[in-house]
There are 2 protein chains.
Amino acid sequence: MDSETYWHLKNFNLLQALSDEELKRLQDMVNTDWIRRKDPVYLPGDPTEWVYFLKKGLVKLSMTAESGKSATVALLKPGEVFGELSQDESQRSSMEAITLKNSYLCRISRTGFNDFARRNKDLILSVNKLLGLRLRKIETAVYDMLFLDVPSRLAKLLYQLSLSDSIEIKNGRLITMPLTHQELGNLVGATREMVTNVLGRMEVEGLIGKDGRKLIIRDIRRLEAMSHGKGFQA
Amino acid sequence: MDSETYWHLKNFNLLQALSDEELKRLQDMVNTDWIRRKDPVYLPGDPTEWVYFLKKGLVKLSMTAESGKSATVALLKPGEVFGELSQDESQRSSMEAITLKNSYLCRISRTGFNDFARRNKDLILSVNKLLGLRLRKIETAVYDMLFLDVPSRLAKLLYQLSLSDSIEIKNGRLITMPLTHQELGNLVGATREMVTNVLGRMEVEGLIGKDGRKLIIRDIRRLEAMSHGKGFQA
DNA sequence: CTGGAATTGTAAACCAGTTCACAGAAGTTC
DNA sequence: GAACTTCTGTGAACTGGTTTACAATTCCAG
């Protein structure tokens, strides 16, 4: 492999615990794929036979109903691992994974990975930790869906995006993650129209601004506050 | 301990992998508690310092908002394990665990349990499997909340209760789990009134019946069908 | 078996968010 | 830079579910 695309499994948190020798062994089990923007990695109903390591790009993990409605569960960035990790020999995927940018990812067979992990206490512990994190994340997502209204949920999302995916600009922070209103809606469980509407109000209130189609966070404090209480309270 | 209350850790799925010797060692780390019906095991905000094994009784795990609204995440029966299991040194509990019947449970310090598990590959693997199951369960809960209406969610719940907590009677199955309309509502994410209303319609349709305050499942087939599609479709 | 507490039943008013139906703006492609 | 596609903006009509307020029933303790 050339040095441009040469990839260290080492860069994945999950694998941090492995020795160089073990990494080499694992490396032999790995396939690397390139997937074009908007193409699927896997679809609902596919067997869960691979574990994926995202090397470069952006992947959206979402649930879809037959009605066509869909909800985004996670946006995965380089270094993140997805696919069914637990030992449990579960049937088929309920989710769909689609790239939002051209992406490089590595793929290990689930059974292969599990056999490998079985011989590596530290790796099992890492998997354990990761599952715990995922669990807590989805639990708070449930909490938010049940107890917060759409403006609060959107405020929270923008707050988080501003921490994880933005750059400092004059008078605010520019969100770099390329998300349409539709995709924001899928992330907070609301319609595209509702998102447009709420963002409009937020702009009037001076909480956010926009540069063409990109969002600018203007008052992160108030956004953060809003993400707890009841939306716009008047 | 007398033979009535003597308890084999062995009966817990999670611990199946342990040898008798290991079980003995674990047993020394265990406290047994008796908790009165309706009393809490822990509350939101409590530190997550224990892992619990429910020996006898019934425990409700739920999330509550400051508004007082609450959602039930799980009903735990003897043999089930709860509390924060993953290695991740997470802060405080977001959930509340309350007994619905007088209950016996065993309690192991989380750090103790984790140290113990760290030396037991098979145990960690079991924990992983359990976390995987929990994850899948909550994922389908999210799916249901997002894509199914209240009648469908309730139908699904009744269907499941009829599989797991009912006894055969003449002309149907009697649900043995003691749940009020309020509690059914908390389980499906709806108000008490909505539950009363939907159950009423289900009774008219001949899907269910009631014996005093207890529910009887009359047509499990149609309930099951209903749990997929759009509630009452006319 | 009786009095009070908890649960169920009911219906009208209300509301957050969806649906529908377009119009305008911003990017993209050739 | 024209033609197209994708995305944003907007408002009216609608709807599933909540809220509120009470009445009726069931349960349980003494």
Side-chain angles (χ1 to χ4, degrees), chain A residues 36-38 65 67-71 98 100-102 144-155 158 175 177-204 208-216 226 229-234, chain B residues 37-38 65 67-71 100-102 144-155 158 175 177-204 208-216 226 229-234:
Chain A
R36 181 155 54 288
R37 178 179 132 87
K38 301 225 165 183
S67 71
K69 271 190 233 177
S70 111
I98 296 195
L100 294 182
K101 296 181 182 169
N102 293 338
D144 292 349
M145 284 297 302
L146 287 170
F147 301 131
L148 300 181
D149 60 12
V150 173
S152 303
R153 266 142 50 201
L154 196 48
L158 294 179
I175 304 276
M177 179 77 69
L179 297 169
T180 65
H181 290 186
Q182 181 62 64
E183 265 152 359
L184 292 170
N186 291 157
L187 280 161
V188 300
T191 57
R192 198 272 305 162
E193 292 85 341
M194 191 67 195
V195 170
T196 304
N197 175 321
V198 172
L199 289 180
R201 278 188 280 164
M202 284 178 172
E203 191 172 11
V204 172
I208 63 173
K210 54 192 70 140
D211 168 22
R213 213 160 252 178
K214 291 203 169 61
L215 284 175
I216 298 166
M226 191 167 166
K230 266 257 159 200
F232 302 91
Q233 45 248 43
Chain B
R37 179 178 133 88
K38 300 228 167 179
S67 72
K69 271 190 232 177
S70 111
L100 294 183
K101 295 181 184 169
N102 293 338
D144 292 349
M145 283 298 299
L146 287 170
F147 301 132
L148 300 179
D149 59 11
V150 173
S152 303
R153 271 150 37 208
L154 196 48
L158 294 179
I175 303 277
M177 179 75 70
L179 297 169
T180 64
H181 290 187
Q182 182 61 62
E183 264 152 358
L184 292 170
N186 291 158
L187 280 161
V188 300
T191 57
R192 197 274 303 165
E193 291 84 343
M194 191 68 196
V195 170
T196 304
N197 175 322
V198 172
L199 289 180
R201 278 188 280 165
M202 283 177 172
E203 191 172 12
V204 172
I208 63 173
K210 56 192 69 141
D211 169 21
R213 213 160 252 178
K214 291 206 168 58
L215 283 174
I216 298 165
M226 191 167 167
K230 267 259 158 198
F232 301 92
Q233 46 248 43

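Keep in mind that what you see is a predicted model, and the values were worked out from it rather than measured. Heavy atoms only: backbone and side chains are in, while hydrogens, waters and symmetry mates are out.
Side-chain N/O atoms of B/K210 include none lying less than 4.0 angstrom from OP1 or OP2 on C/dT7. Close to C/dG9, at under 4.0 Å from its OP1 or OP2, lies a side-chain N or O of B/H181. For C/dT18, the OP1/OP2 oxygens have a side-chain nitrogen or oxygen of A/T191 closer than 4.0 Å. Proximity of A/K214 to the phosphate of D/dC7: no side-chain N or O atom is located under 4.0 Å from OP1 or OP2.
Out of C/dT18, C/dT8, D/dT18, the shortest distance to the side chain of B/T180 is found at C/dT8. Closest contact between the side chain of A/K69 and the listed nucleotides C/dT8, C/dG17, C/dT19 involves C/dT19. For B/V150, taking side-chain heavy atoms from C-beta onward, the closest of the listed nucleotides C/dT18, D/dG9, D/dG17 is D/dG17. The side chain of B/K38 lies closest to C/dT7, out of C/dT7, D/dG9, D/dT18. Each of C/dA11, C/dG17, C/dT19 was ranked by its minimum atom distance to the side chain of A/D149; first place goes to C/dG17. Of all nucleotides listed (D/dT18, C/dT8, D/dT10), D/dT18 comes nearest to the side chain of B/A190.
One interatomic measurement links the two molecules: CD of A/E203 to C1' of D/dG9, which rounds to 12 Å at whole-angstrom precision. Atom CE of B/M194 and atom P of C/dC15 are 19 Å apart (whole Å). Rounded to an integer number of Å, the gap from CD of A/E193 to C1' of C/dA23 is 14 Å. Distance, B/R213 CZ to C/dA5 C1': 10 Å, rounded to whole Å.
Between the CD1 atom in B/I208 and the CD atom in B/E203 there is a gap of 6.0 Å [rounded to 0.5 Å].
Put simply, the side chain of B/D149 never gets that close to the backbone of B/K230: no donor and acceptor are under 3.5 Å apart.
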